[in-house]
Trainee: 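Here it is, the structure in full.
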There are 2 protein chains.
Amino acid sequence: MSLADDSAKPGAGTLYKTIRQDIERRILTGEWPPGHRIPFEHEIMARYGCSRMTVNKALSELAQADLIERRRRAGTFVRRPQFLSAVLKIPDIRAEIGALGRAYGYELISTARRAANAADRERLGVKKPCKVAAIRCRHSADNVPFALEDRLIDLDAVPDAAKANFKIDPPGSWLLHHVPWTEAEHAISAIVADEAIAEGLDIAVGAPCLVIERHTWRQGQPLTAVRLVYPGEQHRLVARFRGSE
Amino acid sequence: MSLADDSAKPGAGTLYKTIRQDIERRILTGEWPPGHRIPFEHEIMARYGCSRMTVNKALSELAQADLIERRRRAGTFVRRPQFLSAVLKIPDIRAEIGALGRAYGYELISTARRAANAADRERLGVKKPCKVAAIRCRHSADNVPFALEDRLIDLDAVPDAAKANFKIDPPGSWLLHHVPWTEAEHAISAIVADEAIAEGLDIAVGAPCLVIERHTWRQGQPLTAVRLVYPGEQHRLVARFRGSE
DNA sequence: AGCGAGTTTATGTATAGACATATCACCCGT
DNA sequence: ACGGGTGATATGTCTATACATAAACTCGCT
């Protein structure tokens, strides 16, 4: 349209991305604070001299990323600051250690297959009787203990797990590559090492440990429950968050 | 129309959502495993009797959610299993306690304003001299200590913080509502309580504690660094992940 | 065989127009 | 004042079409 800024920034290449980034920038710098009403689609389309669908695509993506909220008839608004959230990536331990450039070691401590007792069912969150596999193992990096794992697998939900050989491959890696999941829940807490943990991790009794408990489901059906214990002062979980790439 | 399955599932309401969910279901159940090529857009549009733009909208959203990968000329493919990742929501502590239905208490322990010393600059990650605010405070729930907070704020980046009154409102809440941020990094670890922490949290020396260290930036500029210490056996961080709603 | 140019193809972006739908704002009657 | 009906309006979905672009494939030349 006529104005000098028509050239705009070619930093994006495509129009809708330019629009999206322009709006994102205004939100992130605080120029448009939370609650602020963003111009209507027809205003933006006039401003950039494009069609409504193009504006709509930019705004839809921002809405999908939870940066803005759209209300029919009312308009589009900058969302109140979300909870400070972060994507916590908890990779397969073998891959994690490999990524650190250290030698991965794995040791199966015990394995059992049994009909689920009350404690197993409670832990997995299943009501009906089922068979489970119970596995304990240890991961190490450069021959230094890295984490202890205590896992239950619902063999009715994951029958293939009965055939898998966990003497060589850790169950976490096997499951991640063979079993699709739809929901996962992590709980992170801190404990002090008791005698068994101290011995397993080669640390002092009373040393702090980080505990991650993870439950995984597929379509509401429990698959596995795992408890990982890390030496707390040596291990850190790091999560980084960027406001939509 | 014509085919029996045209009725499909009205569970979505709109066509593109139906398409999106149909594909999502096939991926999540493993019917279309990682690496599998999804039908071409023209095939899907024939299958549902709709226009290409509608199919494209469904696929674009799945691509934005990282469930599929699209390659020109080659087609659309189911992505390999991502890292087991979870969105860890770390809310403002006041809101967190309020959500638990408990009474929030806040106590300012100490506050200082000074030119940043070497340790401050190291911790914030700034190189140039600047002024900082250093705040220590305690959060409690139902009069039971909940967390200790030790925070640095870069006053050059957040000049308004100099005027804020942290005697009544916790700095985390104030920052969350007044300062837009673009990047955050969390590190989670476990420690045992030393004497100062034990006294502050009213727990025993040697008890396990969960530590969250958070750094926040705006456009690469450090804003604040905070260290939160929680009683480790009472507090759990919970993160739940669903495969795109 | 090896290599480069041209062709094909699936996705990527954009358009103008249409109808649907949720809601807010206003007006009107009680 | 209050409640209900009604119209205006911004977003939500969808279509049919067009051209751009990147990458894989084909083919022919050396």
Side-chain angles (χ1 to χ4, degrees), chain A residues 1-2 6-24 27 32 35-79 244-245, chain B residues 1-2 6-24 27 32 35-79 244-245:
Chain A
M1 60 147 54
S2 60
D6 201 349
S7 62
K9 50 195 62 186
T14 66
L15 222 191
Y16 92 90
K17 279 186 182 167
T18 303
I19 298 175
R20 180 163 68 79
Q21 287 174 10
D22 280 357
I23 294 170
E24 203 171 316
I27 294 174
W32 287 348
H36 179 267
R37 211 208 75 230
I38 283 179
F40 297 127
E41 291 189 350
H42 70 265
E43 296 177 290
I44 299 177
M45 86 191 236
R47 165 74 181 67
Y48 288 86
C50 65
S51 82
R52 211 190 114 210
M53 282 299 290
T54 304
V55 175
N56 189 279
K57 177 155 186 166
L59 293 178
S60 294
E61 287 196 3
L62 289 171
Q64 202 186 333
D66 250 17
L67 253 137
I68 60 174
E69 184 186 347
R70 317 199 70 196
R71 290 205 301 275
R72 279 177 146 127
R73 166 70 219 235
T76 302
F77 302 84
V78 179
R79 276 182 65 98
S244 84
E245 83 227 68
Chain B
M1 24 193 65
S2 52
D6 199 348
S7 61
K9 51 194 62 184
T14 67
L15 221 191
Y16 91 89
K17 280 186 182 166
T18 303
I19 297 175
R20 180 163 69 78
Q21 287 174 10
D22 280 358
I23 294 171
E24 202 172 316
I27 294 173
W32 288 347
H36 181 266
R37 212 208 74 231
I38 283 179
F40 298 127
E41 292 189 350
H42 72 265
E43 295 178 289
I44 299 177
M45 87 191 235
R47 165 74 180 70
Y48 288 87
C50 64
S51 83
R52 211 190 113 210
M53 283 300 291
T54 303
V55 176
N56 190 279
K57 176 154 187 168
L59 293 178
S60 295
E61 288 196 2
L62 290 172
Q64 203 187 332
D66 250 17
L67 252 138
I68 60 175
E69 184 187 349
R70 316 199 71 195
R71 289 205 302 276
R72 280 176 144 127
R73 166 72 219 237
T76 302
F77 301 84
V78 178
R79 276 182 64 99
S244 84
E245 85 227 67

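Proteins get letters first, then strands, A, B, ... in listed order; numbering begins at 1 in each. For the numbers below, each heavy atom of this structure counts, side chains included, while hydrogens, waters and symmetry mates do not. Here the structure is a predicted model, which means the values were calculated and not measured.
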Trainee: Whole-Å distance between D:dC14 P and B:E61 CD?
Mentor: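 One finds 11 Å between P of D:dC14 and CD of B:E61, rounded.
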Trainee: For A:Y48 and C:dA14, give me the distance from atom OH to atom C1', rounded to whole Å.
Mentor: 16 Å
Trainee: Only counting residues at least two apart or in another chain, list the ones meeting salt bridge (Lys or Arg N to Asp or Glu O under 4.0 Å) with B:R52.
Mentor: B:E41
Trainee: Measure from CD on B:Q64 to P on C:dG12 and round the result to the nearest Å.
Mentor: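 Distance check: B:Q64 CD to C:dG12 P gives 13 Å.
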Trainee: Are any of B:S51's side-chain N or O atoms less than 4.0 Å away from OP1 or OP2 of D:dT17?
Mentor: no
Trainee: How many whole angstroms separate atom NZ of A:K17 from atom P of D:dA20?
Mentor: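 The answer, rounded to whole Å, is 18 Å.
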Trainee: Each nucleotide in nucleotides 4-11 of chain D should get exactly one letter: B, S or -. Can you fill that in based on protein heavy atoms under 4.0 Å?
Mentor: ---BBBBB
Trainee: Got A:Y48 and A:V55 here, is their nearest side-chain heavy-atom distance under 4.5 Å?
Mentor: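 A side-chain contact is absent here, since even the closest heavy-atom pair is not under 4.5 Å.
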Trainee: If the cut-off is 4.0 Å, is A:T54 near the phosphate of C:dT15, judged by side-chain N/O to OP1 or OP2?
Mentor: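 Affirmative; the distance criterion is met.
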Trainee: Any side-chain N or O of A:K57 less than 4.0 Å from the OP1 or OP2 oxygen of C:dA14?
Mentor: no
Trainee: Tell me, please, which residues at least two apart from B:F40 pass ring pair (Phe, Tyr, Trp, His ring centres under 6.0 Å).
Mentor: B:H42
Trainee: How would you list, by chain and number, every residue that makes a salt bridge (Lys or Arg N to Asp or Glu O under 4.0 Å) with B:R71, sequence neighbours excluded?
Mentor: B:E69
Trainee: Under the side-chain hydrogen bond (donor to acceptor under 3.5 Å, both in side chains) test, which residues partner A:E61, sequence neighbours left out?
Mentor: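 side-chain hydrogen bond (donor to acceptor under 3.5 Å, both in side chains) list for A:E61, sorted by chain: A:Y16, A:R20.
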Trainee: Expressed in angstrom and rounded to an integer, what is the separation of A:E69 atom CD from D:dG12 atom C1'?
Mentor: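 Distance check: A:E69 CD to D:dG12 C1' gives 15 Å.
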Trainee: With B:R72, which residues qualify under salt bridge (Lys or Arg N to Asp or Glu O under 4.0 Å), at least two apart?
Mentor: none
Trainee: Could you tell me the separation between the CE atom of B:M53 and the C1' atom of D:dC19, rounded to a whole number of Å?
Mentor: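 Atom CE in B:M53 sits about 14 Å away from atom C1' in D:dC19.
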Trainee: Can you tell me the distance, in whole Å, between the CE atom of B:M45 and the C1' atom of D:dC14?
Mentor: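 Roughly 12 Å, once rounded to whole Å.
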